[in-house]
2 protein chains.
Amino acid sequence: MKNTDVQFKKIVIFGAGLIGGSFALALRRAHPEIEVVGFGRSLETLKLAKELNILDRIGEDTASEVGTSDMVLLATPVGKMGELMRKIAPFLTERTLVTDGGSTKCDVVSAAYENLGDKVSRFIPAHPIAGAELSGPEAARADLYIGKKVVLTPLPENSREDVLKVRKAWEACGANVSELTPEMHDEVFAAVSHLPHLLSFALVHDIAERKDKDLLLSFAASGFRDFTRIAASSPEMWRDICLANRAALLRELKGYADELYAIYQALEMSDAAKLENIFSIARDVRSNWNKH
Amino acid sequence: MKNTDVQFKKIVIFGAGLIGGSFALALRRAHPEIEVVGFGRSLETLKLAKELNILDRIGEDTASEVGTSDMVLLATPVGKMGELMRKIAPFLTERTLVTDGGSTKCDVVSAAYENLGDKVSRFIPAHPIAGAELSGPEAARADLYIGKKVVLTPLPENSREDVLKVRKAWEACGANVSELTPEMHDEVFAAVSHLPHLLSFALVHDIAERKDKDLLLSFAASGFRDFTRIAASSPEMWRDICLANRAALLRELKGYADELYAIYQALEMSDAAKLENIFSIARDVRSNWNKH
């Protein structure tokens with residue numbers, strides 16, 4: 001049994017959508033005594049989050065709410081986090097830890113150094129890996145993180161004790177927590193998440209621009225359905241993720257283009273053995289994935 | 001209500017796996033009086049198919065079985081069909097229609113002209129669009145074709161009456177039947193099926209060849225899972241499909257590489273608006289797909 005004893009009395013979430021809302025619901029299911037205060041850009045969204053029992057209160061004064069909280073979760077788009085950090089930095093004390101729900105980490109970490117100043121030790125970056133085709137408070141669920149991975153990318157300034165506290169909070173939500181450096185995190189997710197999203201968007205866009213797209217789509221079946229499910233993801237969110245993880249993603253795209261070129265050449269030369277070899281290696285790896 | 005009255009007394013299937021076996025089970029569920037005789041490369045497979053009630057009998061003499069049947073289904077790998085056609089051609093009369101279950105059509109049609117000679121009018125090419133990650137008689141199901149699309153690609157030599165008979169057979173299996181030219185069929189499936197399979201194999205192969213593949217795969221989540229589901233498909237089958245539809249697939253790969261290059265450039269220049277525009281067009285098309 002994991003020790004999921006979280007000694008928080010109050011948390012503040014910025015952004016009460018899928019990620020922030022689910023964190024609040026999950027943490028409160030484990031610890032009903034925790035008070036949850038929410039901030040966000042849209043009052044309407046915050047009101048909905050309160051109706052859905054995600055929030056106890058809608059925050060009004062950042063200074064007093066952040067200053068009296070045990071944990072702040074930044075669950076806004078990654079592009080907004082720097083600004084938020086600058087806003088909350090003055091009110092961070094030894095009591096308050098900050099974590100986030102961003103899908104990229106190097107950019108968030110660099111925003112933290114830039115905007116949190118000497119409070120950067122309070123920030124323990126996190127990436128909860130949970131589906132993102134849905135968004136908004138309506139999509140939030142207390143069980144979203146159960147069995148899902150959360151990656152922490154601690155900073156040299158963090159104490160192990162503080163990292164452990166943030167780990168316990170995510171574990172209380174049901175997540176399996178692991179740690180990577182921010183750089184390694186971004187490399188890994190460029191390969192297994194960001195690149196596939198880009199490739200899926202690219203395929204659908206390629207078809208969408210054709211005159212006979214309706215004919216093509218009318219014959220698309222289950223292979224297309226699964227391959228392109230992620231192409232229904234939020235364009236704004238994925239624009240930001242791509243830009244935030246630009247360097248690693250450009251490297252991945254380049255590598256993938258080389259891979260495609262090798263396949264193109266094999267097909268052009270009708271090299272049956274080479275095609276079968278590539279497909280076999282892929283099939284074996286895919287079939288054994290997630291079995292262990 | 002569709003008229004699914006099939007006036008067949010006996011069918012012969014070459015290949016009693018997923019496609020052929022499911023056709024036999026489905027047709028016989030609608031018309032229990034139809035006799036099913038099976039041929040195949042492996043006696044073991046045929047015995048299993050007989051145990052599973054896919055076949056009434058295992059065929060021994062091609063001449064007498066084909067000559068007394070109303071329909072022959074070629075449900076072998078596409079690469080084997082030319083040889084089979086040459087073998088059955090002498091025994092085809094006005095009584096017997098031939099159809100197939102191949103995923104590509106131009107190559108099968110050209111094999112038909114080459115091997116069926118003046119019996120080519122008896123052949124009505126078909127492509128049942130049903131999942132293919134599984135194979136063998138164990139995977140065959142009477143309901144496999146219910147609600148699925150089957151594309152016929154009739155030849156100028158076919159009579160409308162014969163095309164209608166084959167259409168009714170597939171409709172009796174529960175399928176929605178439509179017609180395309182063989183060329184149009186291959187263009188369409190290169191775009192919506194063959195290319196996505198190739199891209200999915202390529203992504204997994206790209207990862208499989210890396211030293212840190214286990215680390216990468218340990219963080220892969222639901223986006224990766226769906227994007228790569230088709231990379232667990234049969235390497236031999238997809239090798240043959242790629243080679244059979246080589247020309248159209250090379251054009252698709254080239255177009256896709258151009259699309260990726262445009263995205264690469266947009267990302268390199270941090271062109272947020274262009275990325276969002278591409279993602280939005282894709283998201284809209286994907287979200288509206290299959291709703292009508």
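Throughout, a chain's letter reflects where its sequence line sits, starting with A, and its residues are numbered from 1.
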Which of the residues [options] is involved in the greatest number of heavy-atom pairs with chain A at under 4.5 angstrom?
{"options": "H205(B), E236(B), K254(B), E268(B)", "answer": "H205(B)"}
{"options": "E187(B), R225(B), H185(B)", "answer": "R225(B)"}
{"options": "N277(B), L215(B), D284(B)", "answer": "L215(B)"}
{"options": "L180(B), I281(B), L267(B)", "answer": "L267(B)"}
{"options": "Y256(B), F201(B), F227(B)", "answer": "F227(B)"}
{"options": "D240(B), L260(B), L195(B), D271(B)", "answer": "L260(B)"}

Heavy-atom pair count under 4.5 Å with chain B, highest-scoring of [options]:
{"options": "K274(A), K213(A), K149(A)", "answer": "K149(A)"}
{"options": "S200(A), A273(A), A220(A), A221(A)", "answer": "A220(A)"}
{"options": "D258(A), L275(A), L243(A)", "answer": "L243(A)"}
{"options": "T228(A), I207(A), D212(A), L253(A)", "answer": "T228(A)"}

query = Checking L199(A) against chain B: side chain, backbone, both or neither under 4.5 Å from a heavy atom?
reply = both

query = Which bit of F189(A) is near chain B, if near means a heavy-atom gap under 4.5 Å: side chain, backbone, both or neither?
reply =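 Contact with chain B involves the side chain of F189(A) alone.
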
F219(A) side chain reached by S178(B) side chain, heavy atoms, under 4.5 Å =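 A side-chain contact under 4.5 Å exists here.
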
message = Can you confirm whether Y261(B) is buried at OH, in the sense that more than 12 heavy atoms of other residues, nucleotides or ligands lie under 6.0 Å from that atom?
response = no

request  = Would you give the length of the straight line joining atom CD1 of I129(B) to atom CZ of F224(A), rounded to the nearest 0.5 angstrom?
outcome  =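 CZ of F224(A) is found 13.5 Å from CD1 of I129(B).
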
query = Which distance, rounded to the nearest 0.5 Å, do you find between the SG of C242(B) and the CD of E276(A)?
reply = 11.5 Å

inquiry  = Hydrogens and angles aside, do R283(A) and S233(B) bring a side-chain donor and acceptor to less than 3.5 Å of each other?
reply    = no

For the student: nearest non-hydrogen atoms of [X] and [Y], plus distance:
{"X": "L216(B)", "Y": "A191(A)", "result": "CD2-CB, 4.0 Å"}
{"X": "G255(B)", "Y": "D206(A)", "result": "C-OD2, 4.3 Å"}
{"X": "I263(B)", "Y": "A202(A)", "result": "CD1-CB, 3.6 Å"}
{"X": "A208(B)", "Y": "V285(A)", "result": "CB-CG2, 3.5 Å"}
{"X": "L250(B)", "Y": "Y264(A)", "result": "O-CE1, 3.4 Å"}
{"X": "S270(A)", "Y": "R246(B)", "result": "OG-NE, 3.1 Å"}

query = Under 3.5 Å, side chain of W238(B) to main-chain N/O of F279(A), donor-acceptor pair present?
reply =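 Such a contact is absent between W238(B) side chain and F279(A) backbone.
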
[X] versus chain A, heavy atoms under 4.5 Å apart: side chain, backbone, both or neither?
{"X": "E259(B)", "answer": "side chain"}
{"X": "S280(B)", "answer": "both"}
{"X": "A272(B)", "answer": "both"}

query = Salt bridge between R210(A) and E252(B), side-chain N to carboxylate O under 4.0 Å?
reply = yes

